[in-house]
S.K.: 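Below are the structure tokens for one structure; questions will follow.
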Protein chains: 4
Amino acid sequence: MPKQTFFNLPEEKRERILGEAVAEFKDYDYDVASINRIVERSGISKGSFYQYFKDKEDLYLHIMSIIGEKKIQYLTPSMMNFAEVNFYDALREMYRAGIEFALENPDYAEIGNRMMKDTSGLLQKIRETFTPKGDDMFIALLQKGQENGDVRADLDLRLVAKIMIGMQISVVEYYFEKHQDEGYSMKIMEELDKFFDLIRNGIS
Amino acid sequence: MPKQTFFNLPEEKRERILGEAVAEFKDYDYDVASINRIVERSGISKGSFYQYFKDKEDLYLHIMSIIGEKKIQYLTPSMMNFAEVNFYDALREMYRAGIEFALENPDYAEIGNRMMKDTSGLLQKIRETFTPKGDDMFIALLQKGQENGDVRADLDLRLVAKIMIGMQISVVEYYFEKHQDEGYSMKIMEELDKFFDLIRNGIS
Amino acid sequence: MPKQTFFNLPEEKRERILGEAVAEFKDYDYDVASINRIVERSGISKGSFYQYFKDKEDLYLHIMSIIGEKKIQYLTPSMMNFAEVNFYDALREMYRAGIEFALENPDYAEIGNRMMKDTSGLLQKIRETFTPKGDDMFIALLQKGQENGDVRADLDLRLVAKIMIGMQISVVEYYFEKHQDEGYSMKIMEELDKFFDLIRNGIS
Amino acid sequence: MPKQTFFNLPEEKRERILGEAVAEFKDYDYDVASINRIVERSGISKGSFYQYFKDKEDLYLHIMSIIGEKKIQYLTPSMMNFAEVNFYDALREMYRAGIEFALENPDYAEIGNRMMKDTSGLLQKIRETFTPKGDDMFIALLQKGQENGDVRADLDLRLVAKIMIGMQISVVEYYFEKHQDEGYSMKIMEELDKFFDLIRNGIS
DNA sequence: AATGAATGAGTCTTCATTCAT
DNA sequence: AATGAATGAAGACTCATTCAT
């Protein structure tokens with residue numbers, strides 16, 4: 001949690017610092033990311049940095065929480081009426097929200113992915129704080145699906161949830177690689193629907 | 001390629017060094033892994049290390065090639081009779097081999113995953129040397145499946161291959177977490193079969 | 001170019017660092033000169049050094065530019081009225097300035113000579129930035145001499161210029177060795193005049 | 001002085017080692033030259049090296065003595081009949097010999113120049129061992145010239161000798177730069193003669 | 001609140017030399 | 001006579017963090 005001094009900063013300055021920090025953590029893993037570089041590019045002094053944040057971890061956690069909040073903004077609306085829609089529509093909506101988040105906030109998505117992959121000990125704890133949310137949402141969704149009869153009853157839901165989260169990342173990466181140049185387009189939803197048909201009806 | 005001096009070492013020492021290096025690369029990304037720590041824990045001098053290996057990359061590549069060979073040992077037998085078996089049996093066999101490799105060589109698997117995730121530029125090239133194998137195998141398998149009529153014709157095979165590789169990793173991670181204490185057990189195959197049924201027939 | 005932090009230093013400290021750096025580059029070629037020694041003798045930490053200078057080359061270039069400026073202070077006055085004086089007076093003045101510079105700034109002269117001799121590749125570029133001045137000045141002087149009829153027309157001026165620059169170094173070295181103990185004295189000019197008579201009228 | 005073991009070596013091996021050592025000292029100053037590289041390229045073991053030579057300095061001194069001997073081979077014949085010829089012919093012959101040596105043994109010449117330039121303390125002593133020869137020869141020559149009346153009496157011969165040695169190096173370097181591509185040719189003597197005319201009769 | 005100089009441990013890598021076999 | 005493994009000091013450089021002003 002940044003110190004109060006940070007929140008007292010004029011917004012412009014606060015955003016500048018955060019922006020450069022995001023740029024750094026997008027390009028480098030936590031361990032390799034450099035406070036030196038962030039400070040330099042932000043145009044603030046080293047001393048100031050340590051008056052805003054306790055240490056590197058403090059800054060990182062703050063950014064992660066910002067990313068988390070942003071992600072929830074995308075997900076929440078689609079969760080509202082889960083009760084009413086059927087399982088597949090809900091699942092599709094969830095994927096769509098996640099992908100839209102990634103497309104509109106590529107830096108945040110990249111940092112998130114980086115965190116998921118990192119195993120440097122420090123981040124282990126952090127990950128455990130952030131991932132359950134996503135996991136639990138998927139599991140809850142699947143349970144509802146089982147209740148509705150939309151999903152087979154004999155599945156290990158935690159495994160399926162884990163796989164589906166992994167799928168979401170794979171799909172986003174694939175889309176990034178494929179459409180790198182064309183820029184963002186939600187044409188991805190067409191492909192996603194084919195993918196959902198696959199989930200639903202199997203490969204065969 | 002390590003220098004000849006390394007291969008001239010008494011096996012015990014050679015294995016000790018490699019063991020400590022593996023332990024290091026298992027715990028840290030390439031950039032963060034420390035030669036200092038490796039030599040310290042191996043009980044050799046820094047000078048000696050550089051008489052065995054050209055540099056950090058040389059050591060890393062050597063370990064990667066050892067891992068690659070090991071993995072091939074697991075995969076090769078199952079590839080033998082791909083022509084004769086049907087698509088799903090082959091796919092199942094492939095997964096089984098991959099999972100067995102990961103369960104019996106968790107450190108190697110961890111290093112492999114780490115490499116796949118790394119974005120430090122240096123490893124980009126290395127990855128391209130090692131990953132095509134996996135990707136291509138999956139794609140080849142899927143193509144054969146399409147020819148046999150086992151797999152639907154309207155699929156983007158590269159996307160499906162990417163997802164299935166991601167799945168394999170997810171599955172392995174899941175079983176690591178679940179069976180951490182119980183130690184390795186191939187009871188996993190029972191659950192995997194349920195999973196394959198899912199792939200085949202869909203979630204519904 | 002040193003970083004701003006360096007120029008912010010109290011003058012005493014700044015001069016101490018520069019002094020020790022000059023002492024190092026006077027005693028050792030660029031490649032052999034040691035940052036470790038410089039910081040140790042300056043009484044600053046290694047970290048501080050790299051907050052003042054980007055790297056070894058940065059420090060070296062800064063010193064070279066100081067030397068260059070100093071040298072120009074010696075040369076400029078004598079260049080003022082080249083147009084009016086005859087060739088031999090100009091040449092003599094040029095030598096005198098160079099020798100005076102070397103006698104009064106022996107460390108600078110030594111570093112300069114060292115640079116001229118270096119072949120380490122890095123300094124090649126640097127040399128090309130600094131030497132043209134000297135070469136060109138000599139050639140310009142000789143050309144003017146030819147126009148005035150003071151210098152024979154059948155000479156390869158580039159060769160003569162090269163020789164005369166070498167002569168200047170030889171002369172300085174000679175007086176260093178000879179008058180090492182006696183300290184600096186411009187009695188050298190008497191001998192130099194004999195030498196110029198030699199240049200003018202030949203050995204015979 | 002190399003150890004006896006070195007001289008017991010089969011000639012082929014001895015020459016190979018020396019050849020690689022010469023190649024190293026041609027490319028790098030004494031301090032920067034690497035025993036590691038020499039050993040590696042010679043295909044001998046580190047241990048062997050130190051059974052042939054006491055240390056780096058021992059090897060270097062041996063090479064310098066070889067170079068010295070070679071140079072004497074070029075110079076001696078021309079010195080034979082100094083008594084009989086006039087001063088300028090002798091001087092011209094001396095230059096010619098030196099230049100021919102440099103053209104036919106460029107590596108040796110390069111190492112020699114490097115030594116002359118080096119000031120690493122160690123080489124100071126070495127230089128003092130080797131240079132007097134050259135200096136003394138020039139001085140002797142000039143003295144004879146003075147006796148014959150070929151050379152003015154009012155010259156500081158040690159200074160003139162130093163300058164003339166420097167000139168020889170300048171001339172060789174110039175010729176190397178100018179005729180780099182055309183390969184070796186004694187056409188240089190034509191230019192040299194112009195240069196001697198200059199020495200003799202002065203610039204004017 | 002802001003500064004920025006100071007720090008020492010850390011990074012990878014190369015070196016000349018020794019010594020037991 | 002030959003080997004080559006072992007070594008520790010030294011090289012340049014980066015790091016996150018502290019603290020006096």
Side-chain angles (χ1 to χ4, degrees), chain A residues 3-6 8-10 13 31-40 43-59, chain B residues 3-10 13 31-40 43-59, chain C residues 3-6 8-10 13 31-40 43-59, chain D residues 3-6 8-10 13 31-40 44-59:
Chain A
K3 305 181 184 172
Q4 184 55 41
T5 52
F6 180 63
N8 293 343
L9 249 36
K13 191 172 190 177
D31 282 319
V32 185
S34 159
I35 298 292
N36 279 9
R37 276 192 296 256
I38 293 173
V39 159
E40 197 173 327
I44 65 170
S45 71
K46 277 252 196 79
S48 291
F49 179 88
Y50 282 91
Q51 236 155 359
Y52 304 149
F53 304 97
K54 180 177 174 299
D55 52 22
K56 194 184 191 179
E57 184 181 348
D58 188 25
L59 164 63
Chain B
K3 303 182 184 172
Q4 186 55 41
T5 51
F6 180 65
F7 298 109
N8 294 343
L9 250 36
K13 190 172 192 173
D31 281 324
V32 186
S34 158
I35 299 293
N36 275 12
R37 274 194 297 257
I38 293 174
V39 301
E40 198 173 321
I44 64 172
S45 72
K46 225 179 286 194
S48 289
F49 177 87
Y50 283 93
Q51 235 159 356
Y52 305 149
F53 304 98
K54 182 178 173 299
D55 52 21
K56 195 185 190 178
E57 186 180 348
D58 189 24
L59 166 62
Chain C
K3 304 182 185 173
Q4 184 56 41
T5 52
F6 180 64
N8 293 344
L9 249 36
K13 190 171 192 176
D31 281 324
V32 186
S34 158
I35 300 292
N36 275 11
R37 273 193 298 257
I38 292 174
V39 301
E40 200 172 324
I44 64 171
S45 72
K46 222 178 291 192
S48 289
F49 177 87
Y50 282 94
Q51 232 159 1
Y52 305 148
F53 303 98
K54 183 180 174 299
D55 52 22
K56 194 185 190 177
E57 186 180 347
D58 188 24
L59 166 62
Chain D
K3 305 179 184 174
Q4 185 56 40
T5 51
F6 180 63
N8 294 343
L9 249 35
K13 190 173 190 174
D31 281 320
V32 185
S34 159
I35 299 293
N36 278 9
R37 276 193 296 256
I38 293 173
V39 159
E40 197 173 327
I44 65 171
S45 71
K46 278 255 196 76
S48 290
F49 179 88
Y50 282 91
Q51 237 155 358
Y52 304 149
F53 305 97
K54 179 177 175 299
D55 52 21
K56 196 184 189 178
E57 185 181 349
D58 189 24
L59 165 62

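Residue numbering restarts at 1 for every chain, and letters A, B, ... go by the order of the sequence lines.
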S.K.: Looking only at the side chains, is there a donor atom on one of D:Glu40 and D:Asn36 sitting less than 3.5 Å from an acceptor on the other?
M.R.: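 Side-chain D/A pair, D:Glu40 to D:Asn36: absent.
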S.K.: Measure CG/C:Leu59 against P/F:dA12 and give the value in whole Å, please.
M.R.: 11 Å
S.K.: For C:Asp31 and for B:Gly43, locate the closest nucleotide of DNA chain F by heavy-atom distance; then report the residue assigned to the nucleotide nearer the 5' terminus.
M.R.: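 Nearer the 5' end of the strand: B:Gly43.
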S.K.: Provide, to the nearest angstrom, the distance between the NZ atom belonging to A:Lys3 and the C1' atom belonging to E:dA1.
M.R.: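 Rounding to the nearest Å, NZ of A:Lys3 and C1' of E:dA1 are 12 Å apart.
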S.K.: With a 3.5 Å distance limit and no angle check, can you tell me whether D:Lys13 reaches the backbone of D:Ile44 through a side-chain donor-acceptor pair?
M.R.: no
S.K.: Considering every strand and a 4.0 Å limit on heavy-atom distances, what is the contact class for A:Ile44: base, sugar-phosphate, or nothing?
M.R.: nothing
S.K.: According to a strict under-4.0 Å criterion, is C:Asn36 in side-chain N/O contact with OP1 or OP2 of F:dG11?
M.R.: yes
S.K.: Does A:Ile35 offer a backbone N or O that forms a donor-acceptor pair with the side chain of A:Lys46 under 3.5 Å?
M.R.: no
S.K.: Find the partner of E:dG4: check Watson-Crick (N1-N3 plus N6-O4 or O6-N4) and G-U wobble (N1-O2, O6-N3) distances, both under 3.5 Å, and reply none if neither fits.
M.R.: F:dC19
S.K.: Can you work out whether D:Gln51 or C:Asn8 has the more 5'-proximal nearest nucleotide on DNA chain E?
M.R.: C:Asn8
S.K.: Phosphate oxygens OP1/OP2 of F:dC13: is one of them under 4.0 Å from a side-chain N or O of C:Tyr50?
M.R.: yes
S.K.: Expressed in angstrom and rounded to an integer, what is the separation of B:Ile38 atom CD1 from E:dT11 atom C1'?
M.R.: 13 Å
S.K.: Which heavy atom in B:Lys3 sits nearest to a heavy atom in B:Gln51, and how many Å separate them?
M.R.: CD-O, 3.4 Å
S.K.: Out of F:dT3, E:dA2, F:dC13, which has the shortest distance to the side chain of A:Lys13?
M.R.: E:dA2
S.K.: Report yes if a side-chain nitrogen or oxygen of B:Lys46 is closer than 4.0 Å to either non-bridging phosphate oxygen (OP1 or OP2) of F:dG8; otherwise report no.
M.R.: no
S.K.: Determine: side-chain N/O of D:Ser48 to OP1/OP2 of F:dT3, distance under 4.0 Å, yes or no.
M.R.: yes
S.K.: F:dT17 P sits how many Å from A:Asp58 CG, rounded?
M.R.: 10 Å
S.K.: Verify the contact: side-chain N or O of D:Ser45 to OP1 or OP2 of F:dT3, cut-off strictly under 4.0 Å; return yes or no.
M.R.: yes
S.K.: Using whole Å, report how far NZ of A:Lys56 lies from P of F:dT18.
M.R.: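 Atom-to-atom, A:Lys56 to F:dT18, this comes out as 14 Å.
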S.K.: About how many Å separate OH of A:Tyr50 and NZ of A:Lys56, when rounded to the nearest 0.5 Å?
M.R.: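 The OH atom of A:Tyr50 is 8.5 Å from NZ of A:Lys56, to the nearest 0.5 Å.
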S.K.: Look at the side chain of A:Ser34 and decide which nucleotide, out of F:dC15, E:dC12, F:dT3, has an atom nearest to it.
M.R.: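 The listed nucleotide nearest to A:Ser34's side chain is F:dC15.
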S.K.: For D:Glu40 and E:dA16, what is the distance between atoms CD and P respectively, to the nearest whole Å?
M.R.: 12 Å
S.K.: In this structure, how many angstroms lie between the P atom of F:dA16 and the OH atom of A:Tyr52, rounded?
M.R.: 18 Å
S.K.: If you only use heavy atoms from C-beta on, which nucleotide in F:dT17, F:dC13, E:dT7 is closest to the side chain of A:Ile35?
M.R.: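 Within the option list, the nearest is F:dT17.
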S.K.: Provide, to the nearest angstrom, the distance between the CZ atom belonging to D:Phe49 and the C1' atom belonging to E:dC15.
M.R.: 13 Å
